[in-house]
Amino acid sequence: MGEAVKDQREEAIIAWYLDDNEEDQKLPHHKDPKEFVSLDKLEELGVLSWRLDADNYETDEELKKIRESRGYSYMDFCEVCPEKLPNYEAKVKMFFEEHLHIDEEIRYCLAGSGYFDVRDLNDVWIRVWVKKGGLIVFPAGIYHRFTVDSDNYMKAMRLFVGGPVWTAYNRPHDHLPARKAYVDKFVKVIGDRTIDASA
């Protein structure tokens with residue numbers, strides 16, 4: 001029998017459940033023992049991911065296809081590091097406040113790495129480590145947060161449908177239509193399925 005085919009995305013994106021230690025947000029915070037989360041499980045939460053060729057993003061046909069099929073017409077770049085981001089430590093703390101957006105959040109890591117944390121269906125934190133070549137899409141209405149890791153550097157391409165929308169709504173904002181739509185599409189559907197499966 002052949003070995004199971006390795007998911008190529010895992011070279012750039014790895015996810016695990018967080019421990020309860022709140023010291024230094026830039027550390028990995030694995031549970032003991034470590035408890036990894038598959039990228040397929042993230043998809044069940046609406047989080048999509050790809051592994052692309054970050055060295056050739058300007059000519060990458062796969063990136064072009066993703067942008068065209070998902071309507072990502074606007075693109076810019078940001079570097080999260082002490083040298084490029086004014087008020088760096090304050091900004092990193094702000095990004096780490098749990099929040100949602102009313103549009104998708106799309107980040108393509110071109111260099112460095114960082115952590116995006118999302119909640120599973122039981123409201124437990126999952127840490128998603130995105131490294132060079134990882135493109136990740138968080139659906140509108142999902143609660144999440146971001147921090148660099150201890151290397152203090154990430155260069156990302158930011159993609160948007162239409163113009164950029166930066167507004168973050170710190171938790172709780174459950175009354176927003178985007179949050180209600182997310183809950184209806186992902187949390188309730190899967191929750192109902194879980195109930196049915198155990199009946």
Side-chain angles (χ1 to χ4, degrees), residues 13-31 35 37 41-42 44-49 74 76-131 134-187:
I13 302 167
I14 305 167
W16 58 83
Y17 278 106
L18 280 177
D19 65 17
D20 296 326
N21 186 332
E22 295 186 7
E23 291 174 33
D24 196 348
Q25 67 192 47
K26 298 175 186 178
L27 296 176
H29 288 290
H30 279 284
K31 285 180 172 254
E35 193 177 340
V37 176
K41 178 158 181 168
L42 288 182
E44 290 176 9
L45 302 172
V47 178
L48 307 177
S49 57
Y74 179 92
D76 71 5
F77 302 93
C78 95
E79 285 184 274
V80 182
C81 60
E83 300 77 23
K84 299 285 178 81
L85 190 64
N87 302 317
Y88 176 72
E89 290 298 340
K91 285 270 174 61
V92 169
K93 284 207 177 346
M94 185 184 76
F95 297 154
F96 200 60
E97 292 286 325
E98 184 175 4
H99 63 277
L100 62 79
H101 302 286
I102 59 172
D103 296 286
E104 287 183 336
E105 178 170 312
I106 306 103
R107 296 292 182 268
Y108 178 16
C109 181
L110 300 178
S113 52
Y115 298 128
F116 294 87
D117 297 341
V118 295
R119 299 269 191 183
D120 75 0
L121 299 177
N122 298 310
D123 223 29
V124 179
W125 281 118
I126 295 171
R127 173 147 283 188
V128 185
W129 191 24
V130 181
K131 301 184 279 184
L135 186 154
I136 195 152
V137 176
F138 299 96
I142 192 172
Y143 283 119
H144 65 286
R145 61 192 185 185
F146 168 78
T147 183
V148 288
D149 56 29
S150 52
D151 288 341
N152 281 301
Y153 182 73
M154 183 176 189
K155 179 179 181 179
M157 176 188 292
R158 300 182 291 195
L159 297 164
F160 296 89
V161 175
V165 180
W166 305 114
T167 309
Y169 298 90
N170 285 358
R171 189 170 187 172
H173 264 86
D174 295 343
H175 64 282
L176 290 177
R179 177 61 185 172
K180 290 179 178 175
Y182 176 78
V183 169
D184 286 345
K185 183 170 183 182
F186 295 101
V187 182

Should the heavy atoms of other residues, nucleotides or ligands under 6.0 Å from [atom1] of [X] be counted, would the total exceed 12?
X	atom1	answer
Asp123	CG	yes
Lys84	NZ	no
Glu22	CD	no

Would you name the heavy atoms of [X] and [Y] that are closest together and state the gap between them?
X	Y	result
Asn152	Tyr88	OD1-OH, 2.7 Å
Ala15	Ile126	CB-CG2, 4.0 Å
Leu100	Ile142	CB-O, 3.5 Å
Lys131	Ile14	NZ-CD1, 3.8 Å
Tyr74	Gly162	CB-O, 2.8 Å
Tyr17	Val124	CD2-CG1, 3.7 Å

Non-hydrogen side-chain atoms of [X] and [Y] separated by less than 4.5 Å:
X	Y	value
Arg119	Glu98	yes
Arg127	Pro28	no
Val37	Asp120	no

Note to self: Show, in sequence, the C-alpha distance, side-chain angles and deciding distance for Met157 and Arg107, and conclude whether the side-chain contact (heavy atoms from CB on, under 4.5 Å) test is met.
What the structure shows: CA-CA 6 Å; Met157 176 188 292; Arg107 296 292 182 268; over 6 Å; no

Interatomic distance, [X] atom [atom1] to [Y] atom [atom2] [nearest 0.5 angstrom]:
X	Y	atom1	atom2	value
Asn87	Lys93	CG	NZ	13.0 Å
Ile136	Cys109	CD1	SG	10.5 Å
Ile102	Tyr169	CD1	OH	4.5 Å
Asp149	Lys26	CG	NZ	9.5 Å
His29	Asn21	NE2	CG	5.0 Å
Gln25	Asp117	CD	CG	9.0 Å

Notebook entry, point to check: How are the rings of Tyr115 and Trp16 set relative to one another: parallel (under 30°), tilted (30 to 60°) or perpendicular (over 60°)?
Noted result: perpendicular

Notebook entry, point to check: Relative to each other, are the rings of Phe95 and Phe146 parallel, tilted or perpendicular (30° and 60° limits)?
Noted result: tilted

Note to self: Evaluate Trp125 against Tyr143 for ring pair (Phe, Tyr, Trp, His ring centres under 6.0 Å), listing each step before the verdict.
What the structure shows: CA-CA 10 Å; Trp125 281 118; Tyr143 283 119; 8.8 Å; no

Next item on the list: Kindly determine whether Val130 and Tyr108 satisfy side-chain contact (heavy atoms from CB on, under 4.5 Å), including the steps that lead there.
Entry: CA-CA 9 Å; Val130 181; Tyr108 178 16; over 6 Å; no

Check: Got a donor-acceptor contact below 3.5 angstrom from the Arg171 side chain to the His99 backbone?
Finding: no

Next item on the list: Kindly determine whether Tyr182 and Asp174 satisfy side-chain contact (heavy atoms from CB on, under 4.5 Å), including the steps that lead there.
Entry: CA-CA 10 Å; Tyr182 176 78; Asp174 295 343; over 6 Å; no

Note to self: Pairing donors with acceptors under 3.5 angstrom, does anything connect the side chains of Glu79 and Tyr153?
What the structure shows: yes

Check: Which one of Val161, Leu48, Leu159 satisfies the side chain to side chain contact (heavy atoms under 4.5 Å, CB included) criterion with Ile106?
Finding: Leu159

Next item on the list: Apply salt bridge (charged side-chain N to carboxylate O under 4.0 Å, His left out) to the pair Asp19 and Lys31, showing each step before the final yes or no.
Entry: CA-CA 5 Å; Asp19 65 17; Lys31 285 180 172 254; over 6 Å; no

